[in-house]
Number of protein chains: 2
Amino acid sequence: MRNVQDMKLREGVEWAVHCCINLSWLAPDRAVPAARLAEFHNLPAAYLNKQLHALGRAGVVSARSGPRGGFRLGREPEKITLMDVAVAIDGSAQAFLCTGIRHQGPAGGIAGPAGRRTPCTVAQAFSHAELAWRHQLASRTIADLADAVRQANPAAPDHVRSWFDRT
Amino acid sequence: MRNVQDMKLREGVEWAVHCCINLSWLAPDRAVPAARLAEFHNLPAAYLNKQLHALGRAGVVSARSGPRGGFRLGREPEKITLMDVAVAIDGSAQAFLCTGIRHQGPAGGIAGPAGRRTPCTVAQAFSHAELAWRHQLASRTIADLADAVRQANPAAPDHVRSWFDRT
DNA sequence: GAACGGGTACTCGGATAACTATTGTCCGAGTGACTGTGG
DNA sequence: CCACAGTCACTCGGACAATAGTTATCCGAGTACCCGTTC
């Protein structure tokens, strides 16, 4: 039971975003195994595999089994937002879900049945805040971040490509 | 060790906000025991006590022991933001703390020492989103919410007062 | 009648356990490539 | 030389533990009130 959905950003979100950026610099048809992506950042391979699998379910990446298989971006980097990644990994859609405590106990008798129809003010306030957060994440794409990284370090894409091409 | 600070809104935050609103309607010198506040919303008394204690450390409420003791607001409701409450309960200041994985493993060698000085693009993006969230929460005060509730149900303050005055 | 001292009940405060969720690991199913063989 | 079938190694995918964080609980320290006693 999940009464209160959480807004926690699991560590895997950070990993996933970095992986997506790296993948965006590789040839579109080039698939990279999870183990190799993990090695690049010193991450636990098996666990990263699990996260990438979650991204696969969301369509952010596409997976292929067998030799020369692995993961590659499921669509153009311009079409992948940070929100997509966060939702894929974290799963939760809403961070603050009103428990409805204002209707429990003696407090419930005060507002009466009419109060049960009006929205919970507290929940509304938190929802607005969360909406702002989500809006920000939805406005940034993997392509955006990749460009920013390239601007700070123009050689990065080539270096990443060459490292992943090493056998 | 807390590598990744979390943004999770613990259930206690919701409780605390509701309690603060209720307290804002009582006489300023009126102290309410945690047990009574808990009874009002059917919450576990001992645990709510703990959360209120956290609010006390942050100055949001002030506590008094002994008979006729309990909790009351530590300052005017206009001076208490939702952010204050969330931070007091949740404690964490930053939700997304960059783990620095881009410097671990082979990836670190690519950017080089220079890359270590440039800020992590991924972390920046998430920080902006979190800032928007925090800004929203900081812009809403307990007084705001109390007014909104009163607008939806004008009789609420009196009812709350009278219930808490019952022996 | 008023002041004082002791007792008592009540409250917070922090230390302690139970539980849930996240992190991490492992092995099996599936798939594509490679090799050797036959035409 | 080309096509084909069998085998193999490689990869994902989901099921299975370990760990950390949150929820919940309990009991002790402190405090203000109340009552009985004394001046």
Side-chain angles (χ1 to χ4, degrees), chain A residues 1-16 19 29-39 41-58 60-72 74 86 88-92 95 99 101 167, chain B residues 1-16 19 29-39 41-58 60-72 74 86 88-92 95 99 101 167:
Chain A
M1 178 164 62
R2 292 174 69 128
N3 281 338
V4 170
Q5 299 276 5
D6 53 8
M7 208 163 174
K8 177 176 182 181
L9 283 179
R10 300 201 273 187
E11 210 167 1
V13 175
E14 186 185 1
W15 304 354
C19 287
D29 56 349
R30 162 85 179 183
V32 180
R36 193 126 183 91
L37 279 169
E39 186 190 357
H41 288 299
N42 252 13
L43 300 175
Y47 190 34
L48 180 64
N49 183 20
K50 187 176 180 167
Q51 312 284 18
L52 291 172
H53 174 46
L55 288 182
R57 277 198 164 272
V60 173
V61 301
S62 82
R64 238 176 71 176
S65 293
R68 314 282 295 175
F71 293 94
R72 62 184 189 278
I89 303 274
D90 222 30
S92 75
T99 318
I101 65 169
T167 31
Chain B
M1 178 163 62
R2 291 174 70 125
N3 280 338
V4 171
Q5 299 276 4
D6 53 9
M7 209 162 173
K8 176 176 185 183
L9 284 179
R10 300 201 272 187
E11 207 168 2
V13 175
E14 186 185 2
W15 304 354
C19 288
D29 55 349
R30 162 85 179 183
V32 181
R36 194 126 182 89
L37 278 168
E39 186 190 356
H41 288 298
N42 253 12
L43 300 175
Y47 189 34
L48 180 64
N49 183 21
K50 186 176 181 166
Q51 312 283 19
L52 291 172
H53 174 46
L55 289 182
R57 279 199 163 271
V60 174
V61 301
S62 81
R64 240 176 68 175
S65 292
R68 315 281 295 176
F71 292 94
R72 63 184 189 279
I89 302 274
D90 224 27
S92 74
T99 317
I101 66 168
T167 32

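Chain A is the first sequence line, chain B the second, and so forth, proteins listed ahead of strands; every chain is numbered from 1.
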* Using atom types as modelled and distance alone, determine if a side-chain donor or acceptor of Gln51(B) lies under 3.5 Å from a backbone N or O of Trp15(B). => no
* To the nearest angstrom, how far is Gln51(A) atom CD from dT25(C) atom C1'? -> 13 Å
* To do: Rounded off to whole Å, could you give me the CG-to-C1' distance for the Asn49(A) and dC10(D) pair?
  => 13 Å
* Heavy-atom closest pair, residues Arg72(A) and Ala31(A) -> CB-CA, 4.4 Å
* **d(CD1, Ile101(B); P, dT23(C)) in whole Å** => 13 Å
* Asked: Which atom names give the shortest non-hydrogen contact between Ala88(A) and Ala54(A), and what distance separates them?
  -> O-CB, 3.7 Å
* Atom-to-atom span, CZ of Arg57(B) to C1' of dG13(C) - whole angstrom -> 9 Å
* To do: Considering just the side-chain nitrogens and oxygens of Tyr47(B), establish if one lies under 4.0 Å of OP1 or OP2 belonging to dT23(D).
  => yes
* To do: Specify the residue among Arg64(A) and Lys50(A) whose closest nucleotide of DNA chain D lies further upstream toward the 5′ end.
  => Arg64(A)
* Structure fact -> Among the nucleotides dG24(C), dT11(C), dG30(C), whichever has the atom closest to the side chain of Ser65(A) is dG30(C)
* Structure fact -> Heavy-atom closest pair (Pro44(A) atom, Ala38(A) atom, distance to 0.1 Å) is C-CB, 4.4 Å
* Structure fact -> Closest to the side chain of Pro44(A), out of dT25(C), dC12(D), dA32(D), is dT25(C)
* To do: Find the distance Phe71(A):CZ to dT11(D):C1' and express it as a whole number of Å.
  => 9 Å
* Per Pro67(A) side chain, nearest of listed nucleotides dA33(C), dC33(D), dT16(C) -> dA33(C)
* Please give, in whole Å, the distance from dA32(D) P to Arg68(B) CZ? -> 14 Å
* Just call it for Ala34(A): base, sugar-phosphate, or nothing, with non-hydrogen atoms closer than 4.0 Å on any strand. => sugar-phosphate
* Using whole Å, report how far CG of Leu37(A) lies from P of dC10(D). => 18 Å
* Asked: Which pair of non-hydrogen atoms, one from His41(A) and one from Ile101(B), has the smallest distance, and what is that distance?
  -> ND1-O, 3.1 Å
* Structure fact -> Testing dC26(D), dA9(C), dT23(C) for proximity to the side chain of Ala46(B), the answer is dC26(D)
* Asked: Between dA9(C), dG24(C), dA15(C), which nucleotide has the shortest distance from any of its atoms to the side chain of Trp15(A)?
  -> dG24(C)
* **Closest-nucleotide ordering on DNA chain C, the 5'-leading residue of Gly70(B) and Gly12(A)** => Gly70(B)
* Which whole-number value in Å describes the distance from Leu48(B) CG to dT25(D) C1'? -> 14 Å
